[in-house]
Amino acid sequence: MPHLTADTPFIHPDSEITDTQFGAYVEIGRGSRVAHSNIGDYSYCDRYADIANAKIGKFSNIASFVRIGATDHPMDKASLHHFHYRSADYFDDAEHDADWFAHRRTRRATIGHDTWIGHGAQIRPEITLGHGSVVAGGAIVTKDVPPYMIVAGIPATPLRARFPDDISDRMMALAWWDWPHDRLRAALDDFRNLKAEAFLEKYG
């Protein structure tokens, strides 16, 4: 029997999950921290990923030690330190700054369907990765990434498109990531063996 199911995410030991919704067939790697996020069907992260305030589409491939939606410090105030918003940790008569935490949670990263984020990459808050895009290991993404674009570097810049525009457009229109589980299984051999253009000729 497969260890992934439609009903319950497979969460490896030592993970910390807060206020997060999971789709079907989701896997969370050992020691990962996921907070205030939505993880779409079939998406997974490898070990020690750190994901906050993110909307992650279906079939996202997130490598180990990726950070998505790293929370900011308040650079326009007198101090960067969290004593003035995690105040209850320091003072008996103070509460945490609920408004600051609410503001952080509005700054959501959006990860498209069938994306690949390489080892150790970082995706900043309020960034969108288009469907089918690839982020190279170690990259820091500070600008939106178009669909089916490969980016790398610090800050991340485009390397090349995965496919010609017409193939990307047809793949977006096909939206195979919305297929039901049984249809994915029926097309499994073609996913394995056909290049993108041949796959589109058969299914597009």
Side-chain angles (χ1 to χ4, degrees), residues 20-29 32 34-46 49-72 105-180 183-184 187 190-191 194-204:
T20 295
Q21 291 74 49
F22 299 102
Y25 303 100
V26 167
E27 184 170 11
I28 303 298
S32 293
V34 186
H36 314 296
S37 296
N38 298 85
I39 314 292
D41 297 347
Y42 303 91
S43 291
Y44 71 89
C45 63
D46 203 342
D50 193 333
I51 300 168
N53 309 316
K55 181 180 180 182
I56 295 173
K58 302 174 184 178
F59 297 91
S60 188
N61 308 273
I62 301 170
S64 56
F65 296 94
V66 164
R67 189 157 195 197
I68 299 173
T71 53
D72 291 330
R105 289 171 194 164
T106 66
R107 303 189 62 220
R108 295 178 72 77
T110 302
I111 311 302
H113 305 309
D114 197 42
T115 45
W116 177 18
I117 305 173
H119 174 89
Q122 296 184 47
I123 314 298
R124 298 292 299 151
E126 299 182 306
I127 294 300
T128 295
L129 300 187
H131 302 326
S133 59
V134 176
V135 176
I140 300 180
V141 182
T142 61
K143 296 181 179 178
D144 291 351
V145 177
Y148 290 96
M149 181 61 67
I150 302 170
V151 300
I154 303 175
T157 56
L159 287 181
R160 63 176 178 85
R162 281 181 59 198
F163 305 128
D165 288 346
D166 63 318
I167 299 298
S168 297
D169 291 345
R170 290 170 63 195
M171 197 67 76
M172 296 272 286
L174 179 63
W176 61 261
W177 39 78
D178 290 330
W179 289 1
R183 188 175 184 193
L184 292 169
D190 291 329
F191 276 105
L194 297 181
K195 301 292 188 183
E197 189 167 5
F199 191 91
L200 286 166
E201 289 301 317
K202 183 167 183 177
Y203 294 100

TODO: Give the minimum heavy-atom separation between Ile68 and Ala109, together with the two atoms involved.
DONE: CG2-CB, 3.8 Å
Open item on the list: Just to verify, which of Val151, Val141, Asp144, Thr110 counts as forming a side-chain contact (heavy atoms from CB on, under 4.5 Å) with Leu129?
Closed with: Val141
Task: Option from Lys195, Arg183, Lys202 for which salt bridge (Lys or Arg N to Asp or Glu O under 4.0 Å) with Asp190 holds - done: Lys202
Task: Interatomic spacing from CG in Asn38 to CD1 in Ile51 - rounded to 0.5 Å - done: 11.5 Å
Open item on the list: Ignoring hydrogens, what is the shortest heavy-atom contact between Ser37 and Ala52? Give both atom names and the distance.
Closed with: OG-C, 3.6 Å
Open item on the list: Using every non-hydrogen atom in the two residues, find where Ser43 and Phe59 come nearest and quote the distance to one decimal.
Closed with: OG-N, 3.2 Å
Task: Backbone of Lys58 reached by a side-chain donor or acceptor of Asp41 within 3.5 Å - done: no
- [ ] Given side-chain contact (heavy atoms from CB on, under 4.5 Å), test Ile56 with Ile62 step by step and report yes or no.
- [x] CA-CA 10 Å; Ile56 295 173; Ile62 301 170; 3.8 Å; yes
Open item on the list: Taking salt bridge (Lys or Arg N to Asp or Glu O under 4.0 Å) as the cut-off, I'd like each qualifying pair that reaches into residues 160-172, sequence neighbours left out, listed once.
Closed with: Arg170-Glu201
Task: Taking every non-hydrogen atom, the tightest pair across Lys55 and Arg108 - done: N-NH2, 4.0 Å
Open item on the list: Enumerate the ring-ring contact (aromatic ring centres under 6.0 Å, His included) contacts for residues 133-167, please, sequence neighbours excluded, ordered by first and then second residue.
Closed with: Tyr148-Phe163
TODO: Fit a plane to each ring of Phe191 and Trp179, take the angle between them on a 0 to 90° scale, and name the class: parallel (under 30°), tilted (30 to 60°) or perpendicular (over 60°).
DONE: perpendicular
Task: Exercise: identify the closest heavy-atom pair between Ala63 and Asp46 - done: C-CB, 3.7 Å
Could you give the side-chain donor-acceptor pairs of residues 114-128 under 3.5 Å, partners two or more places apart or in another chain?
residue: Thr115; atom: OG1; partner: Ser60; partner atom: OG; Å: 2.9
residue: Thr115; atom: OG1; partner: Gly112; partner atom: O; Å: 3.0
residue: His119; atom: ND1; partner: Ser64; partner atom: O; Å: 3.3
residue: His119; atom: ND1; partner: Ser64; partner atom: OG; Å: 2.7
residue: Arg124; atom: NH2; partner: Asp72; partner atom: OD1; Å: 2.6
residue: Glu126; atom: OE1; partner: Arg107; partner atom: NE; Å: 3.2
residue: Glu126; atom: OE1; partner: Arg107; partner atom: NH2; Å: 3.2

Task: CG-CD1 distance between Leu174 and Ile167, expressed to the nearest 0.5 angstrom - done: 11.5 Å
TODO: Apply side-chain contact (heavy atoms from CB on, under 4.5 Å) to Trp176 and Met171, showing your working.
DONE: CA-CA 8 Å; Trp176 61 261; Met171 197 67 76; 3.9 Å; yes
TODO: Compare all side-chain heavy atoms of Tyr44 with those of Val26 and state whether any distance is below 4.5 angstrom.
DONE: no
Task: Inter-residue atom distance Cys45.SG - Phe65.CZ, 0.5 Å rounding - done: 11.5 Å
Open item on the list: Distance check, rounded to the nearest 0.5 Å: Asp50 atom CG versus Arg67 atom CZ?
Closed with: 4.5 Å
Open item on the list: Quick check: closest heavy atoms across Gly69 and Asn53, and the distance to 0.1 Å?
Closed with: O-ND2, 4.5 Å
